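Step one of this worksheet: look at the structure below.
As the structure is a prediction and not an experimental result, all values here were calculated from the model. Just so you know, ligand 1 is whichever comes first in the structure, and atom 1 is the first atom listed for that ligand.
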Amino acid sequence: MKHILIVGAGGQIGSELTVYLRSIYGNNNVVATDMRDCPALAADGPFEQLDALNTEAVASVVKRYKIDAIFNLVALLSATGEKNPQLAWKINIGALMNALEIARENNCAVFTPSSIGAFGPTTPKDMTPQDTIMQPTTMYGVCKVTGEMLGNYYYQRFGVDARSVRFPGIISNVTLPGGGTTDYAVEIYYEAIKTGKFVCPVPSDVYMDMIYMPDALRACVELMEADPAKLVHRNSFNIASMSFTPEIIYAELKKRMPEFTMTYDVDPVKKAIAESWPNKLDDSCARAEWGWKPEWDLSSMTDDMLEKVRIKLGK
Ligand code: AKB
């Protein structure tokens, strides 16, 4: 990768991936784009405000900056997707199809995230294998499975170097996620510091895979830089780091903040989604094919999140 385009750079992943990629590949070689203006991203490198569904606009940026790798991060997440499934399909698949077609015409590689949301209630829940039953019951999941198949199709049919990981819920302290089922695991840190209380929207005993942002960013680069000859899979790799329930993350926070309290007001949509997803993925193919290895666990992440969020909130 020499000249990189990030589509959807203003979101939770993009706002940090842009900075991370610029630190590796050089500020001027990473072009950030988003629907909204993003002054922070425009301050230290090229930024273009554009609609990811506008094929001409995206293609023109690809040509102008001689892009050779596209990171398509545009997505409506799982809970929002259930409020407007038609819009979720239009945006999630529309942006991906644009990225793949433009990549085909301009000889670019493509990274697009899949998710634990690509799995459903018929998938084996524990140590979910790389290749297994994928029958999601959300529109977000339907888009993710479709996206994985499109990535493989474009690789096999047109030679587009499309690669992807199935992200767990991503925990971060720069840009808040929005509309996801795993968002609670970010919000809990902010509320613990702001108010000392948190009302959890998912059931106390539901396990979901989670990952800390620094590991998620590293996974994107390591997969895209991996030797293609070693890749048996492409779209999309299970990656795992930690898996916990709301009670487990609550206990981790209580160790450091004994006064902190958590109660539940379970959202039925998030409950159904969370219960349909795996408890823990088996990431042995990612480890074997491109050397994936997480560096953060719940304890080290909690120390870091509390420190960073306290600084951010001035507390
Ligand atoms: C969501 O909760 O929708 C996302 C995801 C796990 O893909 N964070």
Side-chain angles (χ1 to χ4, degrees), residues 8 10-17 71-85 87-89 91-93 95-96 111-121 123 125 128 134 136-148 151 164-190 200-203 206-217 219-220 235-246 249 266-281 283 286 294 301 305:
Q12 186 201 14
I13 302 176
S15 57
E16 291 193 56
L17 186 64
F71 284 71
N72 167 52
L73 305 178
V74 174
L76 286 197
L77 298 186
S78 54
T80 306
E82 288 317 287
K83 290 195 188 121
N84 196 340
L87 183 67
W89 174 269
I91 290 177
N92 295 1
I93 296 302
L96 175 60
F111 175 89
T112 198
S114 186
S115 158
I116 53 173
F119 298 113
T123 302
K125 274 210 168 302
T128 303
M134 301 182 78
T137 46
T138 62
M139 180 53 88
Y140 179 67
V142 169
C143 293
K144 289 302 183 195
V145 174
T146 307
E148 291 190 14
S164 168
V165 295
R166 294 178 182 136
F167 272 134
I170 300 178
I171 296 166
S172 67
N173 50 59
V174 175
T175 305
L176 285 168
T181 305
T182 58
D183 293 4
Y184 90 87
V186 179
E187 289 155 2
I188 192 171
Y189 289 103
Y190 282 81
C200 183
V202 305
V206 175
Y207 277 90
M208 285 185 277
D209 277 290
M210 303 281 177
I211 189 170
Y212 197 31
M213 184 63 94
D215 274 339
L217 300 178
C220 297
N235 302 278
S236 176
F237 282 96
N238 282 2
I239 57 169
S241 165
M242 57 188 103
S243 169
F244 53 76
T245 64
I249 188 172
V266 171
D267 172 335
V269 174
K270 289 190 177 176
K271 175 179 190 297
I273 297 173
E275 287 176 348
S276 78
W277 288 354
N279 293 337
K280 178 150 186 54
L281 303 189
D283 62 359
M301 175 182 79
M305 277 296 284

Atom CE of M139 and atom OG of S78: how far apart are they, to the nearest 0.5 Å? 13.5 Å
All ring pair (Phe, Tyr, Trp, His ring centres under 6.0 Å) counterparts of Y140, not counting sequence neighbours: none
Give the atom numbers and elements of ligand 1 that come within less than 4.0 Å of a heavy atom of L77. 3 (O)
Shortest reach to atom 2 (O) of ligand 1 by a heavy atom, considering only I116, T181, V186, I211: T181
Classify the contact between D183 and ligand 1 as side chain, backbone, both or neither, using a heavy-atom distance cut-off of under 4.0 Å. neither
Of S115, G117, P113, the residue with the heavy atom nearest atom 6 (C) of ligand 1 is S115
May I ask you to decide if E275's main-chain N or O and K125's side chain share a donor-acceptor pair within less than 3.5 Å? yes
Is the closest side-chain donor-acceptor distance between S172 and Q12 under 3.5 Å? yes
Can you sort out which atoms of ligand 1 are near W277, meaning under 4.0 Å from one of its heavy atoms? 1 (C), 2 (O), 3 (O), 6 (C)
State which residues pass ring pair (Phe, Tyr, Trp, His ring centres under 6.0 Å) with F71; sequence neighbours excluded, sorted by chain then number. F111
Protein contact of atom 8 (N) of ligand 1 - nearest heavy atom, named by residue and atom, plus distance: T182 OG1, 2.8 Å
For atom 3 (O) of ligand 1, tell me which residue out of G179, P177, S78 has the closest non-hydrogen atom. S78
D183 side chain vs G179 backbone, donor-acceptor pair below 3.5 Å: yes
